[in-house]
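Below is one structure, written out as structure tokens, with a few remarks after it.
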Amino acid sequence: MSFAAECRAVEKDFGSGETRIRALRSVDLEIPFGELTMLVGPSGCGKTTLLSVIAGVLNATGGEVQVLGERIDSLAGDRLVQFRRKNLGFVFQQFNLLPALTAAENAAIPLLAAGLPRKSSVDRAAQLLAELGMEDRVDAYPAQLSGGQQQRVAFARALVHEPRLLVCDEPTSALDAETGHQVMELLASHAVRPGRATIVVTHDNRVFQFADRIARMEDGRITGVTVNRMSGANASPTGHSHQENEQVNL
Amino acid sequence: MNYVALRMLTGDRAKYLSLIFAIAFSTFLLENQSSIFAGIMKRTTSQILDVTDADVWVMDKKTLYIDEVKALTENDLYRVRGVPGVLWAVRLFKGQPRAKAADGTFRVVVMMGVDDASLVGAPSRDKMILGSVEDLRQPDSVIIDRAGYKFLFPGQPLDLGRTLELNDHLVRIVGIAEASAPFATFPVMFSRYSQAIKFVGRERDQLSFVLVKPQPGIPVRDLCDRIEKYTDLRAVSGRAFAWQTVFYYVKNTGIPVNFGITIGIALIVGAVVAGQTFYIFTIENLKQFGALKAIGVTNGSIVGMILLQALTVAAIGYSIGSGIAGVFFSITLHNDPTRGLVLLWQNMAGVAVAIFFVVFLASLLSVRRVLTLEPAVVFRG
């Protein structure tokens, strides 16, 4: 089985000396293709740090991080940036849309960053927004959109360049339950495909049902991985009763 | 990403307009004050620059500037004429008699006494508005500059034949000319040398300057050296004498300090306001820049975005400021007290360099913050 991302004995420290904080402790994790993997756990357990290390926006202090067959921890400078631009899609907790750009322009940013012409980039982004049910809001500015609509724009921005790995940080935490559920349905239906992988950091247990795999973290460690047999579009919004879980002991 | 950079810049309308205003205000103040300063300094040289017939000015070797002269002797004139390479050398008198109009209006005037025979030193023909330079050959005749005429005959149309008292001598206006504004905004009058010294009052020596024309092929610098060697007088080109006069005023008056303070304040205000606003603008967008970095925008592209934003506000602000300065000077140009004060291209170029440098510096501070920003910041709620 090939993996979109593999972590081997990954460690991450913040600070030094007496003020040093160990955020990740010998983390081993595999993110398979074609699945939605959730990193879950209490606040401060290191799940966002692990996501940042996998996404190449934070350097690990120790261990190995392989993403899409590339040792991302050995990439640096513009090579790392280009790797992220080409292969990764990002969804942030606070959306981080540029307020001066329309929805379509925001969604087109990865294409613009890759040097593609503006018109074709925006057209492509608008097309994707239409697929996400936003066809009548492509020219709206973020301030004119609801939270759920802004997150859809953020999804479009993350998917527009067809990345092989999508990383999402708390994508539903700024949304109400119903909108969060809709957003996760969109994510599961558009992002989870063969040859692609999605990692979602969340502590929102209402969306666990969309995960194919749930990695639980505590105090900088992976404490267990649960494989979800009934997930994604097949999952029921009502709870876990329709799920068959398989605990992987670590 | 240039499009994104410009949209980010103009998206925050309040800060964008603040930046433009700060830069436009600084530009206007810098161009305005530096051009007025240059104009005032140029005014100190008006009587020198208005003499276009002669190339060399000869004076007492202790002369510092045009407004304080020690009279030469007639013998000095003849000695200058004897210097090899001199085509001709003529007298020039400069004095300040008091002129009084029939209604009692009076002004101290700058009286230029030009050579009786050749009239060298008189206004050039293209500067004559009414009358002719040749009319100076009439007895008790003067040519007055247009602004001076308006000072002495306020509200009255330009007309020849009017009379004035010059230190109790009755003179008649035979010509009205356009003359460069003098430093102290005195009216400027021209008369023949023999009459001018009579108007001012007799002293033992009254020859202010000798105006010299070199023979063809003789360099001005060489002739000046020869005159100084043969006569022990000071001889300089008109241009050099003008600069000597400017430097005198720069060194010995508070004018440059006064203008310098205003220019300094304009630079500081421009730098601080524009720099601070631009810095705050960037800092407030830090999270967005972080998101762009995470998504895959390189540091080079982000530096390019920030510099493009800086150059854009600098160019727009500078253009608006220069436009306002241009309107200001186009208005003042037609007022007699401020005539001759113009927006110089040299000042515009200098201000452009200063403004772009200030904005560039401000943007560098912002760039530093963005470059040291870890893209992981976007994952921190």
Side-chain angles (χ1 to χ4, degrees), chain A residues 12 43 47-53 55-59 77-102 105-106 108-110 112-115 117-119 121-122 141-143 154 157-158 160-161 163 167-170 173-174 201, chain B residues 1-20 277-278 280-310 312-313 316 366-367 370-381:
Chain A
K12 176 64 185 173
S43 293
K47 52 189 187 297
T48 295
T49 302
L50 179 58
L51 184 76
S52 300
V53 168
V57 294
L58 200 61
N59 292 326
D78 283 355
R79 279 189 65 207
L80 177 59
V81 175
Q82 283 162 10
F83 179 84
R84 284 203 304 263
R85 184 170 70 211
K86 187 178 172 194
N87 298 299
L88 272 65
F90 290 86
V91 177
F92 309 111
Q93 183 178 351
Q94 297 298 331
F95 321 135
N96 285 323
L97 301 177
L98 300 185
L101 301 185
T102 64
E105 288 167 344
N106 263 294
I109 282 176
L112 296 173
R118 183 162 66 91
K119 189 174 184 317
S121 301
V122 174
Y141 289 92
R157 182 180 62 188
V160 72
H161 55 305
V167 294
C168 310
D169 182 40
E170 305 277 10
S173 68
V201 161
Chain B
M1 295 302 287
N2 291 348
Y3 174 78
V4 175
L6 293 177
R7 289 295 297 273
M8 282 175 77
L9 176 68
T10 55
D12 190 339
R13 200 61 61 89
K15 285 203 181 57
Y16 174 60
L17 294 178
S18 299
L19 275 167
I20 299 282
T277 310
F278 195 78
I280 291 171
F281 173 78
T282 307
I283 296 306
E284 285 185 355
N285 285 320
L286 217 49
K287 195 116 187 183
Q288 295 173 2
F289 281 118
L292 291 176
K293 285 180 83 166
I295 286 169
V297 180
T298 60
N299 275 341
S301 293
I302 286 179
V303 170
M305 288 171 73
I306 292 175
L307 288 182
L308 177 67
Q309 290 171 340
T312 301
V313 290
I316 295 173
S366 310
V367 162
V370 176
L371 290 185
T372 55
L373 174 75
E374 276 191 29
V377 71
V378 289
F379 286 135
R380 294 172 197 148

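To find a chain, count down the sequence lines: A is the first, B the second, and so on, and within it residues start at 1.
Counting heavy atoms of neighbouring residues, nucleotides and ligands inside a 6.0 Å radius, atom CG of A/N59 does not exceed 12 of them.
Your options are A/R157, A/R118, A/E170, and the one with the most heavy-atom pairs under 4.5 Å with chain B is A/R118.
Heavy atoms only, all atoms of each residue included: A/R85 and B/T298 are closest at NH1-CG2, 4.1 Å. Contact record, B/G11 with A/A100: CA-CB, 3.6 Å, taken as the closest heavy-atom pair.
Interface remark: A/L80 contributes no atoms to any contact with chain B (heavy atom separation under 4.5 Å). Residue A/F83 does not touch chain B at all, counting heavy-atom pairs closer than 4.5 Å.
Screening residues 2-13 of chain B for salt bridge (Lys or Arg N to Asp or Glu O under 4.0 Å) gives A/E105-B/R7, B/D12-B/K15 as the qualifying pairs, with residues at least two apart or on separate chains.
Summarising the geometry, atom CG belonging to A/L101 is positioned 8.0 Å from atom CE belonging to B/M8; distances are rounded to the nearest 0.5 Å.
Contact residues of residues 289-297 of chain B toward chain A are B/A291, B/L292, B/K293, B/A294, B/I295, B/G296, B/V297 (heavy-atom distance under 4.5 Å).
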